[in-house]
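Below is one structure; the comments refer to it alone.
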Amino acid sequence: QVSLVESGGGLVQAGGSLRLSCVASGRTCGDCAMGWFRQSPGNEREFVGAINWSGGSTYYGHSVKGRFTISRVHAENTVYLQMNSLKPEDTAVYYCAARKTFIISQDPGSYTYWGQGTQVTVSS
């Protein structure tokens with residue numbers, strides 16, 4: 001079992017930045033691809049971005065591309081989501097997820113492990 005814990009959410013003004021962290025513990029998931037998703041009330045879970053096992057490949061959802069950056073530090077068992085130029089429409093609960101393969105996916109159903117989520121609120 002892999003446990004994922006997100007942190008770093010909060011309230012920020014439009015145009016500001018936040019960095020979310022996702023720390024993995026328990027059974028090592030060193031060969032897992034990691035994804036970030038978000039969900040706001042009344043909406044489906046939306047793909048934000050993902051990073052492959054080596055960290056050499058990333059992929060982003062169209063609404064965040066160019067503003068958000070995903071990175072991972074294996075030695076820390078941590079994946080980061082750097083969010084810049086935040087907009088009110090970025091307001092959501094952000095989730096970290098891991099899938100038991102090194103290949104990136106946008107499909108939330110393909111991810112096995114999920115964190116509890118962290119709230120990001122962007123004020124206008």
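Please read these numbers as outputs of a predicted model, since none were measured by experiment.
- For V120, the side chain to side chain contact (heavy atoms under 4.5 Å, CB included) criterion is met by L18, L20, M83, Y94, V122, not counting sequence neighbours.
- Ring geometry for F37 against F47 counts as perpendicular: the plane angle is over 60°, on a 0 to 90° scale with 30° as the lower cut.
- Between Q116 and V5, the shortest heavy-atom distance links the atoms OE1-CA, 3.8 Å.
- A donor-acceptor pair is defined here as one N or O able to donate and one able to accept, closer than 3.5 Å; such a pair exists between the side chain of R67 and the backbone of S85.
- Shown here are the side chain to side chain contact (heavy atoms under 4.5 Å, CB included) partners of K65, two or more places apart in sequence or in another chain: Y60.
- Between V64 and V48, the shortest heavy-atom distance links the atoms CG2-O, 3.3 Å.
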Per-pair distances, 0.1 Å, donor-acceptor, side chain in residues 95-103, under 3.5 Å, sequence neighbours excluded:
unit_1 : atom_1 : unit_2 : atom_2 : d
R99    : NE     : S110   : OG     : 3.1
R99    : NH1    : I103   : O      : 2.5
T101   : OG1    : I103   : N      : 3.4

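- Listed for the N52 side chain is a donor-acceptor partner under 3.5 Å among the backbone atoms of S57.
- With sequence neighbours left out, S7 forms a side chain to side chain contact (heavy atoms under 4.5 Å, CB included) with S21.
- Here Y80 is tied into one hydrophobic group with V73, each link being a pair of ILVMFWY side chains closer than 4.5 Å.
- Contact between Y111 and A50 at its shortest, heavy atoms only, is OH-CB, 3.7 Å.
- No side-chain donor-acceptor contact under 3.5 Å links E6 to the backbone of C22.
- Closest approach of S40 and T91 over heavy atoms only: CB-O, 3.7 Å.
- Contact record, T121 with Q119: OG1-NE2, 3.3 Å, taken as the closest heavy-atom pair.
- V12 and W36 fall within the same hydrophobic cluster, where Ile, Leu, Val, Met, Phe, Trp and Tyr residues are linked whenever their side-chain heavy atoms come under 4.5 Å apart, directly or through other members.
- F68 pairs by the ring pair (Phe, Tyr, Trp, His ring centres under 6.0 Å) definition with nothing, not counting sequence neighbours.
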